[in-house]
Structure formats: C-alpha cells, structure tokens
Amino acid sequence: MKVLVLGGGGREAALVWKLHQSPRVSQVFCAPGNAGIAQHAKCVEADLKRPEKLAQLALELGIDLTICGPEVSLVAGAADAFARHRLKFVGPSRAAAQLEGSKVFSKEFMSRHHIPTAMFSVCDSVEAAEDILTNNFHGFPIVIKADGLAAGKGVVIAQDLAEARAAVQMMMVEKKLGEAGSRILLEECLTGHETSFLIFTDGRTIRPLPPARDYKRIFDHDEGPNTGGMGSVSAPGLLDEYLQGKLLRKIAEPTLAALQAEGIVYRGVLYIGLMLTEAGPRVLEYNVRLGDPETQVLLPRLKTDLVDICEAIADGTLDQLNIEWSDEAAVCVVMASGGYPNTYTPDQPISGLKDACQVSGVHVFHAGTSRDDLTGKYLTAGGRVLGVTATGQTVATARERAYTAVSKIQFSGQQFRQDIALE
Ligand code: AMP
Ligand code: GLY
C-alpha cells in the first residue's frame, strides 16, 4: 500500500523510516518532508495548513493511509477533510484537536470533566489579567499562557508581579505571538516532577505507549530557554508501573470518557503532559499528536507493524490488536544550529553522517536539512538539524552509542546537550 506522512521534521523522519520497513508498504510519501527523509520517501510540496489541498494531494497520489505528524494540520481540520473524501487518516478531528489548539478550550474541558489540572483564570483583556494579578489570585510564581498555538513560545513562568505584567504586555499588547495571545490563561504554578504519558486510541480503546522523556531546555542541567526538545530517552522502567496504571485510570481513561461524552471520536495519538505533584498527577497540557523528539526513541522500540496500528486506529479496531515493544533502551541527542532557539544561520554543510550511521544501533533522523544541488552534500536547514538516535540493551549503552555517533558529525555552529539520558 501507499502511505503518506504529513510533516517534515525529526518526528516525521522517524515515522517514514519505520513505515518504510513495513512489508505491507510499497511506497512512502512525505509532505513536505526534508532532504534526509528523501532517503526513504518521495517528498512532495505541501502547505500543512490547507487541509483540503492535503486531501486532494492524497487522492492524486492514490494514498491508502495518511499519518499526520504536526498539530497545525490537525487544528486546521486535516482529519475532517480526509474523512470527507473517505481517505484513511490517523489523527484527531478539528474539534478534538482543540485540546491542543486552544489552551482555554483544553482547561475548560478538564474543568467540566473534573480532570485534575492547575487552577486557572481566563483573561480576555489586559484589565482582567491585571485584576487577577493584583489580587494575587493564583500566588507567585504564576504561569501565563497564550490561548493559541505558539510553537512552544506561549508559556511564561513569572516570578513576581513585574515579570507577570511584562508577559501580559508581550502577549496582549505587543502581540508578539500574534492572534495566539489575544486570550490568555493565568495559572497556578505547580511543582513536582514533570512527565508525559502517550496513548494510541481509536476513540474506544486505549493502548499506552512506553514511557519516554524529553529534554526541553537548550543547555545542560535544564538551563536556558525552552526549545522544541534537545533530546529524549525511552526505556522500560522509566516510569513506575504502579504510576503508569494510575495515570491510565485517573487521567487517560477519564479524558477519553469525557471526549465520548462530548460526542467527539478521538482517533490518533494523545500526548498528556503531566506534573506529578504531592497532591497527585495534574495535567499541564494535551498535545494531539506524537511528541518530537519522543517519537525518535519510541519507534525504534516498536515491534508491531506501525501500519497495523495505524489501520486499527483509523478503523476503530484497536481492541483487537496487541502492541509489542522491545525491552531495549533508546536515546536521541538533537544536534541544533548555533543560536537556536533564537535566530541561526542555515546552509551550513554537514559532514560525518556516513560514519555516524555506521555506529552499531544508530539511526540519524534528519529534522532540518536540505541538500546542495551541486555537491549533493547535506546542509543545515532549521533550528533542530539532526536527531542522532541509538538503541542498546541499557540506557548507558544506547547513550554511549548516540554520543559516539554525534562525535563523528560536524557542522559550523553545532550545539547539543551533553547530559541527555544521564538523569
Ligand atoms: P505547556 O505548553 O502548557 O506544557 O507548558 C510548557 C511548560 O511550561 C511545561 O512543560 C511546564 O514545564 C511548564 N508549565 C506549564 N504549566 C505549568 C503550571 N501550571 N505549573 C508549572 N509549570 C507549568
Ligand atoms: N517534545 C514535546 C512535544 O512534542 O510537544
């Protein structure tokens, strides 16, 4: 069969790599893909924000199954457009994608269904926000969030009133995040250990993914600004089994039941971001898709054919599928451009990729690369450039392999964390 992956980053590189291995797949397409993805898929131009065009593309290419990586397409209604054309699609509908597309929707949803989360206030104006802040409604530090999609830049943890006011100004007056900041949330700041819990669901049955952790800050020891993710690790035992059971019963199942109660059939991956507080787990956010770079460490551990999983999700037959994962560990170290997560210079030649791929257990997933037409050399073309991933019997082995591969790769300005999977 012919499959199409929507997106063009490291997560999609891992999806394409996995689908390419399936005996059921004759050809993989990726829209828009990237230079590295082109090793395993035919890359086609696409605007990820135009659902109808994406569905037309799938029709033209004769696609049997489409898997959506990024939230933008889901929030724009890709699942609905594909459904209109009776095309098989993995990813939730526009209504369900509001869980990520609008933080206000998501908080009000949790509140309506008694799903544990931080206390919050919704503010439509600077005056309303000022009122909450001066009355010290949620205490300090306080969390300030833009309602809409803001590519990871929409959350500020303000230590005091001055910082909080500055964040409100930035979002609502200066409109630095565009429309995303026209409504904001003020939230109680939770403390504890942060974790994520990912599930596959067809709207009725839940199949949890193994635990994976990402490293969001740019520098070692979780210092510096937030990024899209500088690395990840997945291994058995990363999350206590008892806790996993609890997250399933207390968070994932009630979430699915709440979606059903609202008449929403959720088909795809639900990524639940959590804070494990002393008072119990609290949902920080929902994402309506696979994580990036969590996918890069999860898929190498997947033993079941990904196509079987995708079909079961799309067809509503997940209850009949047993999903198997290997007991191996996987570690992904992201190599990023100098200056990321702020501005960076693209088009830096990358060397050593072949050597890196020869390290045992290593896969290098391209997140942001292009190819020089003349020399055929790979060039940097994004903030996050490569996800150097390795599997191994233990986290230590996977880690060592990943860093050995990283040491063979070079591009001007490269930066990566040294402490991925260390703690
Ligand atoms: P979000 O996009 O909502 O997950 O927020 C991004 C990051 O901000 C999370 O990964 C947390 O580290 C932090 N965060 C979000 N909400 C809260 C909260 N209520 N209390 C403490 N930290 C938070
Ligand atoms: N790694 C976090 C995310 O994909 O949102």
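Whatever order the structure lists them in is the order used to number ligands and atoms, beginning at 1.
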Query raised in the report: Using the ring of each side chain (for Trp, its six-membered ring), is Phe82 parallel, tilted or perpendicular to Phe89, with breaks at 30° and 60°?
Result: tilted
Query - For Lys216, atoms of ligand 1 separated by under 4.0 Å from a heavy atom - result: 10 (O)
**Report entry** Selected option - heavy-atom contact closest to atom 8 (O) of ligand 1, from Val156, Val283, Val155, Val143
**Finding:** Val155
Query - Part of Lys103 within contact of ligand 1 (heavy atoms, under 4.0 Å) - result: side chain
Query raised in the report: Between Arg213 and Glu294, does at least one N-O distance fall below 4.0 Å, as a salt bridge requires?
Result: no
Query raised in the report: Which atoms of ligand 1 are found less than 4.0 Å from any heavy atom of Glu188?
Result: 18 (C), 19 (N), 20 (N)
Query raised in the report: Salt bridge check: are Arg24 and Glu311 linked by an N-O gap of less than 4.0 Å?
Result: yes
Requested in this report: Classify the contact between Leu284 and ligand 1 as side chain, backbone, both or neither, using a heavy-atom distance cut-off of under 4.0 Å.
Outcome: both
Query raised in the report: What atoms in ligand 1 come closer than 4.0 Å to a heavy atom of Lys145?
Result: 3 (O), 15 (C), 16 (N)
Query - Where ligand 1 meets Ala118 - atom numbers and elements under 4.0 angstrom, heavy-atom basis - result: 19 (N)
Query raised in the report: What residue and heavy atom of the protein are closest to atom 3 (C) of ligand 2, and at what distance?
Result: Arg289 NH1, 3.6 Å
**Report entry** For atom 9 (C) of ligand 1, the protein heavy atom that lies nearest, with its residue and separation
**Finding:** Glu194 OE2, 3.3 Å
Requested in this report: Identify the residue among Lys176, Lys153, Arg165 that makes a side chain to side chain contact (heavy atoms under 4.5 Å, CB included) with Met170.
Outcome: Lys176
Report task. Please report which non-hydrogen protein atom sits nearest to atom 2 (C) of ligand 2, along with the residue it belongs to and the distance in Å to one decimal place. Result -> Asp214 OD2, 3.3 Å
Requested in this report: Would you kindly specify which portion of Cys189 sits under 4.0 Å from ligand 1, judged on non-hydrogen atoms: side chain, backbone, both or neither?
Outcome: both
Query raised in the report: Counting each atom of ligand 2 from 1 as listed, which ones have a heavy atom of Gly291 under 4.0 Å away?
Result: 4 (O)
**Report entry** Step-by-step side chain to side chain donor-acceptor pair (under 3.5 Å) determination, Arg267 to Thr201
**Finding:** CA-CA 6 Å; Arg267 291 203 180 97; Thr201 180; over 6 Å; no
Query raised in the report: Who's closest to atom 4 (O) of ligand 2 heavy-atom-wise, of Asn226, Asp292, Leu198?
Result: Asp292
Report summary line: re atom 4 (O) of ligand 1, the protein heavy-atom contact at minimum distance is Glu285 CD, 2.8 Å
Query - Salt bridge Lys49-Asp47, side-chain N to carboxylate O under 4.0 Å - result: no
Report summary line: among protein heavy atoms, the one nearest atom 13 (C) of ligand 1 is Ile157 CD1, 4.1 Å
**Report entry** Those atoms of ligand 1 less than 4.0 Å from some heavy atom in Leu190
**Finding:** 18 (C), 20 (N), 21 (C)
Query raised in the report: Centre of Phe219's six-membered ring, under 6.0 Å away, within 45 degrees of the axis: is that where NZ or CZ of Arg217 sits?
Result: no
Requested in this report: Could you tell me which atoms of ligand 2, counted from 1 in the order shown, lie closer than 4.0 angstrom to a heavy atom of Asn287?
Outcome: 5 (O)
Report task. Report the residue from Leu15, Leu19, Leu209 that forms a side chain to side chain contact (heavy atoms under 4.5 Å, CB included) with Leu299. Result -> Leu15
Report task. May I ask you to check whether Glu294 has an N/O atom sitting below 3.5 Å from an N/O atom of ligand 2? Result -> yes
Query - Non-hydrogen side-chain atoms of Ser93 and Val265 separated by less than 4.5 Å - result: no
Query raised in the report: Can you check whether Tyr340 reaches Met230 side chain to side chain, under 4.5 Å on heavy atoms?
Result: yes
Query raised in the report: Are any of the side-chain heavy atoms of Leu321 and Thr205 separated by less than 4.5 Å?
Result: no
